[in-house]
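First up is the structure itself, then whatever we jot down about it.
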Amino acid sequence: MTLQLIMLGPPGAGKGTQAGKLADHFDIPHISTGQILRNNKDMETPYGTPRSYIEDGNLVPDEMMIEILEKRLQEDDTDDGYILDGFPRTRPQAVSLADITDIDAVIYLRTSEENILKRLTGRRTCEDCGRTYHIEMNPPPDDDQCESCGGAIVQRADDRESVVRDRLEEYQEKTKPLIEFYREKGTLLEIDGNPSIEEVWTQLKDRLDDTLDNVDTT
Ligand code: AMP
């Protein structure tokens with residue numbers, strides 16, 4: 001069985017948190033393009049460094065992103081499938097992905113703007129593995145060392161309020177239209193992303209189990 005999933009939704013909707021749970025549950029890799037870029041922030045490319053886009057709240061160019069993703073999907077750990085978190089974010093990315101692979105389900109976490117802002121500004125992230133915490137809802141340990149890998153837990157530069165607004169604009173303009181793109185393909189699974197982490201997870205697991213019962217994932 002292989003399982004190819006996409007997490008879709010605005011920044012701060014909880015895509016990373018739920019993708020991590022899905023990865024543990026199905027034993028498939030959680031591929032966060034944001035984390036790949038942060039781990040290679042100063043990599044020189046013909047389009048400039050990832051840092052120059054991320055820290056201004058802009059999307060990196062499609063050409064750069066598609067190349068990075070294609071390379072990542074060729075690694076051995078993707079043989080049984082994967083969960084994409086943060087890709088695709090534009091129509092050209094979605095079209096390129098459709099050219100190289102089939103997607104079983106696209107999980108769209110529909111979340112209110114109020115919750116998004118609260119989650120993003122209170123979010124703290126492990127610099128090394130990308131595991132996320134929240135100062136109120138899921139506080140980091142007192143020593144600010146990640147429970148998964150021991151890395152330093154910090155506030156991402158782009159989780160500051162001024163940058164968050166630019167990221168949300170990019171989402172509205174470039175990523176939100178993908179909801180319709182996948183709805184038309186019949187793969188969209190719309191989940192209420194507003195309740196607690198555990199409530200969203202329960203809902204997501206039930207809906208996904210129902211969907212996969214009707215999908216051939218061999
Ligand atoms: P994320 O961790 O998913 O919130 O991504 C952090 C930042 O990385 C985004 O604000 C973008 O600057 C960049 N990024 C991540 N994934 C993509 C993508 N698929 N296309 C373009 N830029 C991306």
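What you see is a predicted model; the values in this text were computed from it and never measured.
Transitive grouping of hydrophobic side chains (ILVMFWY, heavy atoms separated by less than 4.5 Å) brings Val200 and Leu189 into a common cluster. Placement of Leu208 and Ile179 in two distinct hydrophobic clusters is found when ILVMFWY residues are connected by side-chain heavy-atom separations under 4.5 Å, directly or transitively. Placement of Ile100 and Leu178 within a single hydrophobic cluster is found when ILVMFWY residues are connected by side-chain heavy-atom separations under 4.5 Å, directly or transitively. Tyr47 is connected to Met65 through a chain of hydrophobic side-chain contacts under 4.5 Å among Ile, Leu, Val, Met, Phe, Trp and Tyr, so both are in one cluster.
Val106 places a side-chain heavy atom less than 4.5 Å from the side chain of Ile103. Side-chain atoms of Ile31 and Asp85, non-hydrogen and from C-beta on, never get closer than 4.5 Å to each other. In this structure the side chain of Leu84 never reaches within 4.5 angstrom of the side chain of Leu5, judged on heavy atoms. With a 4.5 Å cut-off on side-chain heavy atoms, His30 and Leu22 do not count as touching. With contacts defined as side-chain heavy-atom distances shorter than 4.5 Å, the pair Tyr108/Tyr182 does not qualify. Looking at Thr175 and Leu8, their side chains come closer than 4.5 Å, going by heavy atoms from C-beta outward. Considering only heavy atoms from C-beta on, Asp56 stays 4.5 Å or farther from Val163 through its side chain. Using a 4.5 Å heavy-atom cutoff, the side chains of Asp158 and Leu120 are not in contact.
Distance check, rounded to the nearest 0.5 Å: SG of Cys126 to CD of Glu147 gives 10.5 Å. Rounding to the nearest 0.5 Å gives a distance of 10.5 Å between CD1 of Ile191 and CH2 of Trp201. One distance of note links OH of Tyr53 with CG of Asn58; it measures 8.5 Å at 0.5 Å rounding. How far CD1 of Ile107 is from CG of Asp104: 10.0 Å, rounded to the nearest 0.5 Å. Put simply, CZ on Arg131 and OG on Ser148 are 4.0 Å apart, with the number rounded to the nearest 0.5 Å. Distance check, rounded to the nearest 0.5 Å: CZ of Phe87 to OH of Tyr82 gives 10.0 Å.
Within the 3.5 Å criterion, the main-chain N or O of Lys118 finds a donor-acceptor partner in the side chain of His134. The closest donor-acceptor contact from the side chain of Ser52 to the backbone of Pro50 lies at 3.5 Å or more, if one exists at all. Side-chain atoms of Arg119 do not come within 3.5 Å of backbone N or O of Ile116 as any donor-acceptor pair. Checked by atom type and distance alone, the side chain of Gln93 pairs as donor or acceptor with a backbone atom of Arg89 at under 3.5 Å. Of the possible polar contacts, one joining the Ser112 side chain to the Asn115 backbone as a donor-acceptor pair under 3.5 Å is found. A side-chain donor-acceptor contact under 3.5 Å links Lys15 to the backbone of Pro10. A distance-only check finds a donor-acceptor pair linking the side chain of Arg207 to the backbone of Glu190 [under 3.5 Å]. With hydrogens and angles ignored, the 3.5 Å screen pairs no side-chain donor or acceptor of Asp192 with any backbone N or O of Thr111. A donor-acceptor contact shorter than 3.5 Å is absent between the side chain of Gln155 and the backbone of Arg124. With hydrogens and angles disregarded, a donor-acceptor distance shorter than 3.5 Å links the side chain of Gln18 to the backbone of Ile197.
Among all heavy-atom pairs drawn from Asn39 and Asp128, the shortest one is OD1-O, 3.9 Å. Across all their heavy atoms, Ala98 and Lys185 have their closest contact at CB-NZ, 4.5 Å. Pairing each heavy atom of Ser32 with each of Arg38, the nearest pair is OG-NH2, 4.4 Å. Taking every heavy atom of both residues into account, Pro29 and Arg72 meet most closely at CB-NH2, 4.0 Å. Minimum interatomic distance between Pro141 and Tyr133 (heavy atoms only, all atoms of both residues): CD-CE2, 4.0 Å. Between Arg167 and Pro11 the shortest heavy-atom distance is NH2-CB, 3.6 Å.
Counted within 6.0 Å of CZ on Arg91, heavy atoms from surrounding residues, nucleotides or ligands total 12 or fewer; the atom is thus considered open. Atom CG of Asp27 has 12 or fewer neighbouring heavy atoms from other residues, nucleotides or ligands inside a 6.0 Å radius.
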Report task. Please test Thr17 against Thr132 for side chain to side chain contact (heavy atoms under 4.5 Å, CB included), starting from the C-alpha separation and ending with a verdict. Result -> CA-CA 7 Å; Thr17 305; Thr132 55; 3.5 Å; yes
Requested in this report: Begin with the C-alpha distance, continue with both residues' side-chain angles, and end with the deciding distance and a verdict on side chain to side chain contact (heavy atoms under 4.5 Å, CB included) for Phe181 and Val95.
Outcome: CA-CA 10 Å; Phe181 178 90; Val95 171; 4.3 Å; yes
Report task. Go through the steps for Leu97 and Ile6 under the test side chain to side chain contact (heavy atoms under 4.5 Å, CB included), then give the verdict. Result -> CA-CA 11 Å; Leu97 185 66; Ile6 291 177; 3.7 Å; yes
Requested in this report: Could you give me the CA-CA distance, side-chain angles and deciding distance for Ile83 and Ile28, then say whether side chain to side chain contact (heavy atoms under 4.5 Å, CB included) is met?
Outcome: CA-CA 7 Å; Ile83 302 154; Ile28 50 179; 3.9 Å; yes
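No donor-acceptor contact under 3.5 angstrom links the side chains of Glu199 and Thr202, judged on distance only. One side chain, Thr101 or Gln4, offers a donor N or O that lies under 3.5 Å from an acceptor on the other.
Applying side chain to side chain contact (heavy atoms under 4.5 Å, CB included) to Glu70 and the options Ile68, Leu73, Ile66 leaves one that passes, Ile66.
The pair Lys174-Asp62 does not count as a salt bridge, with every side-chain nitrogen at least 4.0 angstrom from each carboxylate oxygen. Salt bridge status for Arg123 with Glu136: absent, with no side-chain N to carboxylate O gap under 4.0 Å. Between Arg165 and Glu161 there is a salt bridge, since at least one side-chain N of the basic residue sits less than 4.0 Å from a carboxylate O of the acidic one. The existence of a salt bridge linking Arg183 and Glu180 is confirmed by a sub-4.0 Å separation between a basic side-chain nitrogen and an acidic carboxylate oxygen.
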